[in-house]
Amino acid sequence: MTGLIRSELRKAFTTRIGWGMPLAQFLLAALFVGIAGAFMLFVAVPGPTGGEGAPMGNSLEPTVLARTLYTGGMQVGYLLSLVLGILSMGSEYRHKTLTATFLSAPRRGRVIAAKVVALTIVVVVNGLAHLAGALVTGGALLLAADKAVFPEAGDLLGVLARMLLVFVLWGLMGLGLGVLIPNQVAALFVGVAFAFLIEPLLGVFIGMVDALADVARFFPSQASMAALSLYEGMDSATVEQAGGNPDQLTWWVAALVLLGYAAMMTVVGWVLTQRRDVG
Amino acid sequence: MTDVAQHEGTGISVRGLTKTFGTLRAVDDLTFDIRPGRVTGFLGPNGAGKTTTLRMLLGLVRPTAGEALIGGHRYADLPRPLNVVGSALEATGFHPGRSGRDHLRVLAATHGIPDSRVDQLLELVGIPAAARKRAGAYSMGMRQRLGLAAGLLGDPGVLLLDEPANGLDPEGIRWMRGFLRHLAAEEGRTIVVSSHLLAEVEQTVDDVIIIANGRLVRQGTIEELHGEQTVLVRTADAAALAAALERAGLTAQPSPEHGPGALQVEGADGDLARVGDVALAAGQPVHELRALRTDLERMFLELTESPEHRNRNLQETT
Ligand SMILES: Nc1ncnc2c1ncn2[C@@H]1O[C@H](COP(=O)(O)OP(=O)(O)O)[C@@H](O)[C@H]1O
Ligand SMILES: [Mg+2]
């Protein structure tokens with residue numbers, strides 16, 4: 001099994017995407033956190049109660065501010081993790097390397113298990129690059145705005161660790177999707193369109209219907225935000241102003257919901273991989 | 001490169017193997033044995049079902065019925081398959097962005113095979129220089145060589161090569177033949193080479209299995225199947241030479257498609273000197289004298305040309 005995992009890790013880090021993706025994670029996290037931070041710290045907006053304009057960051061507790069800032073690139077982060085997951089299997093279909101893979105490891109269930117482990121490692125490496133980017137720009141902005149850079153270290157570290165977990169779970173959803181839709185380009189298109197557009201929009205529409213608003217909280221994107229306790233410590237007016245649903249799941253329930261999606265998709269991938277002919 | 005004693009001679013048995021794709025019976029109740037320690041040509045026209053058979057043997061395609069065993073085991077049940085069976089299949093891909101060396105290292109990792117073995121193989125198949133370049137830039141010949149190196153990684157006692165000469169230039173084909181002979185010479189190794197061209201493998205194989213439309217057509221040693229070789233001779237007075245050949249105990253048939261005065265001679269089994277001597281004794285000038293075809297060649301030609309055996313894919317599209 002360790003041999004199979006090593007093989008999968010070699011696959012992941014012997015193509016350009018192996019190093020290009022962490023770089024992209026670093027840069028995009030820096031960019032998104034930079035934009036969100038600049039807006040929150042330096043752009044005056046009328047407060048929820050109207051009145052004198054002040055940057056939104058001013059009204060937030062230091063912990064909430066830092067948490068919101070450092071996770072500002074979360075959506076790109078989990079999107080790229082989803083892409084990594086899709087590529088894990090999609091690239092084998094696309095480049096017909098699955099033949100060689102199954103010849104060297106004919107017990108396919110073990111290949112999927114090795115992919116799960118290797119993907120987790122790859123996504124964590126990418127997630128760390130993401131965190132580095134987020135901390136560099138986020139920290140610099142907080143410093144420039146004369147705010148606490150790392151208040152309540154324990155709480156903040158917990159949130160950042162949970163962000164890595166969220167990335168891993170999105171990666172596993174991608175792994176299953178890459179098997180479900182063996183055409184890699186189609187899988188990427190469907191995955192990104194779903195995660196970036198369809199699901200959030202659907203969530204917003206459903207959120208407007210009171211009877212269904214509860215359901216939307218279980219959607220992957222809303223569960224991801226809840227898993228980071230993103231709106232904890234914010235008043236609901238501010239959350240709604242930011243386009244969020246203040247009534248979110250407890251972080252660990254949200255994490256379990258995501259785990260459920262990830263497990264479901266992995267099982268789909270596992271079952272289909274067992275059955276399919278390769279040739 | 002090989003520990004000869006390690007290859008104990010693993011045979012292959014195929015029993016009632018069948019694969020249907022929709023309504024197409026790509027492989028149709030195939031039964032045959034491949035003898036250990038020999039080179040077997042697995043022949044058949046394009047679309048005959050060779051690749052599908054090999055893929056079922058390797059656990060990549062699930063048989064509709066029947067089974068295919070290697071040394072009595074299913075491929076998926078082999079604990080370290082690369083050490084038992086090596087294969088280079090058609091349409092095996094390489095990630096274009098990964099170097100050939102890394103492609104092999106990925107596979108090597110599954111069996112704990114060291115990088116030194118990878119480099120040794122790259123040397124052996126003659127692509128050490130290209131090994132660190134992206135595989136996307138490889139020529140067809142280099143891809144075939146890399147595929148072969150992958151098959152040899154675990155120093156297996158059984159080697160399955162699917163159309164190894166496909167897409168190679170004449171130089172590459174010559175190299176591949178020599179390489180196969182070199183592999184075959186190592187005692188005990190069982191080698192299966194599939195091809196849609198008899199001439200490609202004729203000189204290398206001991207045994208032949210011929211399939212068409214997914215069904216077994218013939219099986220035997222190459223000597224058995226070769227049968228007799230016809231001789232073509234062309235002269236000025238075909239009738240006179242034919243009479244002389246008949247007197248010498250040979251049969252001669254006029255063969256106008258080979259030009260004026262051409263005769264196809266049977267009974268000499270490819271012995272050109274014997275036919276030439278008869279012509280000289282009869283005072284007939286020899287304008288052309290060559291070996292024509294063997295039974296096997298004739299049969300294979302018929303197989304590939306007769307409409308019911310022709311590639312079903314081509315038929316479907318025409
Ligand atoms: N995955 C598949 N789906 C449908 N038809 C297939 C598939 N694989 C092979 N075939 C068909 O099965 C027949 C045998 O193909 P193949 O085994 O590749 O023949 P060969 O290797 O002898 O040329 C062909 O008609 C081919 O089109
Ligand atoms: Mg073929």
Side-chain angles (χ1 to χ4, degrees), chain A residues 1-21 84 86-115 117-118 121-122 178 182-185 271-279, chain B residues 19 21 26 51-56 58-64 73-113 115 134-136 146-147 150-151 153-154 156 160 162:
Chain A
M1 198 65 208
T2 51
L4 295 192
I5 295 168
R6 187 170 307 128
S7 174
E8 290 301 326
L9 286 173
R10 280 184 182 175
K11 274 179 204 167
F13 290 112
T14 51
T15 63
R16 279 179 199 164
I17 215 139
W19 303 108
M21 195 62 117
L84 281 171
I86 292 172
L87 292 181
S88 171
M89 205 55 169
S91 135
E92 300 245 21
Y93 280 110
R94 179 174 168 84
H95 302 301
K96 303 195 166 167
T97 50
L98 208 51
T99 293
T101 296
F102 286 158
L103 285 178
S104 60
R107 262 155 294 178
R108 301 182 182 182
R110 308 180 94 210
V111 174
I112 295 290
K115 278 189 185 290
V117 176
I121 296 171
V122 168
N183 180 329
Q184 181 183 265
V185 178
V271 169
L272 289 178
T273 301
Q274 293 289 345
R275 294 164 166 266
R276 247 184 223 151
D277 284 345
V278 180
Chain B
K19 180 68 184 183
F21 294 112
T51 300
T52 306
T53 302
L54 293 177
R55 283 189 175 268
M56 286 194 278
L58 292 165
L60 295 167
V61 166
R62 185 192 292 248
T64 308
H73 303 284
R74 289 179 351 161
Y75 187 83
D77 294 335
L78 299 172
R80 294 174 59 84
L82 294 190
N83 295 134
V84 181
V85 188
S87 44
L89 290 182
E90 231 179 15
T92 302
F94 307 108
H95 192 296
R98 188 177 292 136
S99 74
R101 184 170 182 273
D102 281 335
H103 175 79
L104 295 184
R105 287 179 66 247
V106 162
L107 302 178
T110 60
H111 282 56
I113 296 168
D115 287 359
R134 304 168 75 241
L146 182 58
L153 258 186
L160 306 178
D162 194 13

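The shown structure was predicted, so the numbers you read here are calculated from the model rather than taken from an experiment. Residue numbers start from 1 in every chain, and the chains themselves are labelled A, B, ... in the order their sequence lines are given, proteins ahead of strands.
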Portion of Ala76(B) that has a non-hydrogen atom of chain A nearer than 4.5 angstrom: both
Do Arg98(B) and Val106(B) make a side-chain contact, defined as non-hydrogen atoms from C-beta onward lying under 4.5 Å apart? yes
CZ on Arg74(B) to CG on Leu58(B), rounded to 0.5 Å: 13.0 Å
Which atoms of Thr97(A) approach chain B - backbone, side chain, both or neither, heavy atom under 4.5 Å: both
If you tally heavy-atom pairs under 4.5 Å between each of Thr15(A), Thr2(A), Leu4(A), Leu103(A) and chain B, the highest tally belongs to Leu103(A)
Per-residue contact mode, Phe94(B) against chain A (heavy atom under 4.5 angstrom): backbone
Leading residue by heavy atom contact count with chain A [cutoff under 4.5 Å; candidates Pro96(B), Gly86(B), Ser99(B), Gly151(B)]: Pro96(B)
Side chain from CB out, backbone as N, CA, C, O: work out which of these in Arg134(B) comes under 4.5 Å of a heavy atom of chain A, or both, or neither. side chain
Given Leu54(B), which partner from the list Asp162(B), Leu60(B), Val61(B) fulfils the side chain to side chain contact (heavy atoms under 4.5 Å, CB included) test? Asp162(B)
Which one of Ser91(A), Ala100(A), Gly18(A), Ala114(A) has the most heavy-atom pairs closer than 4.5 Å to chain B? Ala100(A)
Between Arg276(A), Met1(A), Glu92(A), Arg275(A), the one whose heavy-atom pairs under 4.5 Å with chain B are most numerous: Arg275(A)
Do side-chain atoms of His111(B) reach the backbone of Gly154(B) as a donor and acceptor pair under 3.5 angstrom? no
Is there a donor-acceptor pair under 3.5 Å between the side chain of Arg105(B) and the backbone N or O of Arg10(A)? no
Exercise: do Thr273(A) and Arg108(A) side chains pair donor with acceptor under 3.5 Å: no
What part of His95(B) gets within 4.5 angstrom of chain A, counting heavy atoms only: side chain, backbone, both, or neither? both
Side chains of Met89(A) and Leu98(A): does their closest heavy-atom pair fall under 4.5 Å? yes
Determine the option with the most heavy-atom pairs under 4.5 angstrom with chain A, choosing from Val85(B), Leu107(B), Leu153(B). Leu107(B)
